[in-house]
Amino acid sequence: MLSKILGAALQGIDAIAVEIEVSVEWGSGYVMVGLPDTAVKESAERVRCAMGNSGFKFPRKAVVINMSPADIKKEGSAYDLPIAIGILASDEKVATDHLGRYMLMGELSLDGSVKPIKGALPMAILAREMQLDGFILPKHNATEAAVVNNLNVYGVDNIMEVINFFNGMADLEPTVVDTRAEFARAQGSFPYDFSEVRGQEMVKRAFEVACAGGHNIMLIGSPGSGKSMMAKRLLSILPPLTLSEALETTKIHSVAGKLSQGTTLLSVRPYRAPHHTISPVALCGGSSYPTPGEISLAHNGVLFMDELPEFPRSVLEVMRQPLEDRHITISRAKYTIDYPASFMLVASMNPCPCGYYGHPTKQCICTPHQRHQYMSKISGPLLDRIDLQVEVQPVNFEQMSSKQPGEPSAAIRERVIKARAIQSLRFKNHPGVHCNAQMTPQLIHQYAEPDKEGMEQLRQAMDKSNMSARAYDRILKVARTIADLEGNITVRSHHIMEAIGYRNLDRSNYFNL
């Protein structure tokens, strides 16, 4: 007898339908076709034990399983459940009346329990697009998939629940999630606040500008000056995720298997801080099994790279294209996948190997050659893509011991949200552009051209510091954001001057020691 079960395969952050055809006939043997990987092929033993421990005998007949479309590789153990139900249906142990109206995915334990899977959210979106009656998956992933409305999502603990459901012996309760209520409830809670930061007003201002326009920022300062401490508080002043951004971000983390049990939608922007020993593949994604890298996991959020010169040059250079295009295409011999990578890069570094070049009280022990070698680890093209480059000076004792709290994150965030609202209105007719950092040269010319005095100041700065054309664009983008924070329609000379002031590495002597 032949039975057909619907499953799904992941391609990038989306899912495609997979039809699992199972034929049980007279004969012997177990054959699986349709480009299954090792984990899928090993399902035979898991299914056999799960069925036996659930009171069913594996058929002593010829079992042939075809996974269509046959030219797409099937990966992972999530096909255990549909394969088991397909075998039981073909052996006339499970009714087939409604079998084709449900998508099934789940890994089976040897005792018949159902284990979590990756990518439940994009699979649920696919099930809704196919107008299926429901999606049956592990209970661990039920709340994650239930954020997709107009779809019945059934979470199960073991295979017997699925068998009884199709045989009409028991009902499954759909998981219901009020997506908007859950999303609103989880927003606005942060472990760190800028009110805890003493001094560093210029750096706080730079962070405010960076968050208001979605700009990349680098902090250069000696050890202990507060670079990492302030970077951890960045999420508390970024604007909240929109529902569409949250859905897209959750899909990426779902595919990567990074969602914890009970998660519905990610309501806080992601904050990724990879160690400097990371490989290029781990950063950009890929490997033998396609997986989103750190830059994609930071999509719509922050990628913090502490001690930037300590990262291998090969790792830093792979960021150049995604920083510009806001997505990354992974091409391998067997697949080509496009991952979103619209992140805000926040980097920190010391000014020299010992860390104390330019320190007001401590003496640097590095030679000019050592300082030059250290700074040269960061290429000019990568520096050009960092909009704000800010020097961080150590905080003195009076500022550290002050009992007066700094400005709270809530107040800064309110100004950031207002500036982002201006940008959303400005770019409403430009798909894919949501903030000033995403402006194309055409949009820069349309919205960020300064007045005559500002243009003259920019010309002088460009000539004096020998800045690149990319630095020119970045300065205008930052100036546009500063004007938005003030509520000004036009970019004026003092906006240009402040934006130029954030290009410290362009105008300093770090590379001419």
Side-chain angles (χ1 to χ4, degrees), residues 3-8 18 20 22 24 30 32 36 39-60 63 65 67 74-121 123-124 127 132-146 148 151-177 254 257 259-264:
S3 64
K4 297 183 180 182
I5 313 291
L6 284 174
V18 172
I20 301 164
V22 182
V24 176
Y30 183 93
M32 180 180 290
V40 181
K41 290 177 181 178
E42 290 175 347
S43 66
E45 300 307 319
R46 291 192 297 270
V47 168
R48 189 188 306 273
C49 290
M51 289 171 59
N53 290 320
S54 301
F56 295 90
K57 288 184 178 181
F58 196 88
R60 295 181 179 180
V63 177
I65 300 172
M67 309 181 79
K74 320 304 183 302
E75 300 170 341
S77 55
Y79 298 101
D80 292 359
L81 182 60
I83 288 172
I85 296 299
I87 292 173
L88 289 170
S90 295
D91 200 31
E92 300 182 352
K93 300 295 192 300
V94 171
T96 59
D97 301 347
H98 307 289
L99 206 55
R101 296 301 306 159
Y102 293 85
M103 179 180 288
L104 281 76
M105 293 297 283
E107 177 185 344
L108 287 178
S109 181
L110 299 186
D111 62 359
S113 59
V114 185
K115 292 186 173 182
I117 61 172
K118 295 180 180 179
L121 180 56
M123 292 176 186
L132 299 179
D133 292 342
F135 181 20
I136 300 174
L137 76 169
K139 187 166 284 185
H140 180 102
N141 303 107
T143 53
E144 172 191 340
V148 180
L151 175 71
N152 290 325
V153 174
Y154 303 102
V156 295
D157 288 316
N158 56 70
I159 190 173
M160 282 304 302
E161 294 181 37
V162 184
I163 295 171
N164 291 335
F165 173 71
F166 284 117
N167 286 337
M169 300 171 62
D171 290 329
L172 292 176
E173 287 295 325
T175 303
V176 179
V177 173
S254 173
L259 295 180
S260 57
Q261 184 174 3
T263 301
T264 53

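Considering all non-hydrogen atoms of both residues, Ser43 and Tyr30 come closest at OG-OH, 4.1 Å. The minimum heavy-atom distance linking Met32 with Val40 is given by the pair SD-CG1, 3.5 Å. Taking all atoms of both residues into account, the shortest heavy-atom contact from Leu259 to Glu144 is CD1-CD, 3.5 Å. Between Ala120 and Ser254, the shortest heavy-atom distance links the atoms N-OG, 3.2 Å. The minimum heavy-atom distance linking Ser54 with Gly112 is given by the pair OG-CA, 3.9 Å. For Gly7 against Met105, the heavy-atom pair with the smallest separation is CA-SD, 3.7 Å.
Between the side chain of Asp91 and the backbone N or O of Val24 there is no donor-acceptor pair closer than 3.5 Å. Judged purely by atom type and a 3.5 angstrom limit, Ser3 uses its side chain to pair as donor or acceptor with the backbone of Gly86. At distances below 3.5 Å, not a single donor-acceptor pair connects side-chain atoms of Ser90 with backbone N or O atoms of Ile87. Counting only distance, with no hydrogens or angles, the side chain of Asn158 and the backbone of Glu161 share a donor-acceptor pair below 3.5 Å. For the pair Ser77 (side chain) and Ala39 (backbone), a donor-acceptor distance under 3.5 Å is absent. A donor-acceptor pair is defined here as one N or O able to donate and one able to accept, closer than 3.5 Å; such a pair exists between the side chain of Asn167 and the backbone of Lys93. Side chain of Tyr79 to backbone of Ala8: a donor-acceptor contact under 3.5 angstrom is found. Side-chain N or O atoms of Asn164 include none that pairs as donor or acceptor with a backbone N or O of Ala170 at under 3.5 Å.
Contact of the His98 side chain with the Asp133 side chain is not registered, since no non-hydrogen atoms from C-beta on lie closer than 4.5 Å. Pro59 has its side chain within reach of Met51: a pair of non-hydrogen atoms, C-beta onward, lies under 4.5 Å apart. Proximity of Val156 to Phe165: side-chain heavy atoms (C-beta onward) are nowhere separated by under 4.5 Å. Contact annotation: the side chain of Ile83 never approaches that of Val22 to less than 4.5 Å [non-hydrogen atoms, C-beta and beyond]. With contacts defined as side-chain heavy-atom distances shorter than 4.5 Å, the pair Phe56/Ile163 qualifies.
In this structure, the separation between CD1 on Ile136 and CG on Leu104 is 4.5 Å, given to the nearest 0.5 Å. Summarising the geometry, atom NZ belonging to Lys74 is positioned 9.0 Å from atom CD1 belonging to Ile20; distances are rounded to the nearest 0.5 Å. Expressed to the nearest 0.5 Å, how far CD1 of Ile159 lies from CD1 of Ile85 amounts to 4.5 Å. Note that CD1 of Ile5 and OG1 of Thr96 are 9.0 Å apart. Values are rounded to the nearest 0.5 Å. Taking NZ of Lys118 as the reference point, atom CD of Glu75 lies at 10.0 Å (rounded to 0.5 Å). For the atom pair NZ (Lys139) and OG1 (Thr175), the distance works out to 7.5 Å, reported to the nearest 0.5 Å.
Using a 30° and 60° split on the angle between ring planes, Phe166 and Tyr102 fall in the perpendicular class, above 60°.
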| task | Let me see the working for Ile117 and Asn141 under side-chain contact (heavy atoms from CB on, under 4.5 Å), right down to the final yes or no. | result | CA-CA 7 Å; Ile117 61 172; Asn141 303 107; 3.6 Å; yes
| Going through the checks in order, is the side-chain contact (heavy atoms from CB on, under 4.5 Å) test met by Leu108 and Val114? | CA-CA 5 Å; Leu108 287 178; Val114 185; 4.1 Å; yes
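Heavy atoms from other residues, nucleotides or ligands lying under 6.0 Å from CZ of Arg60 number 12 at most.
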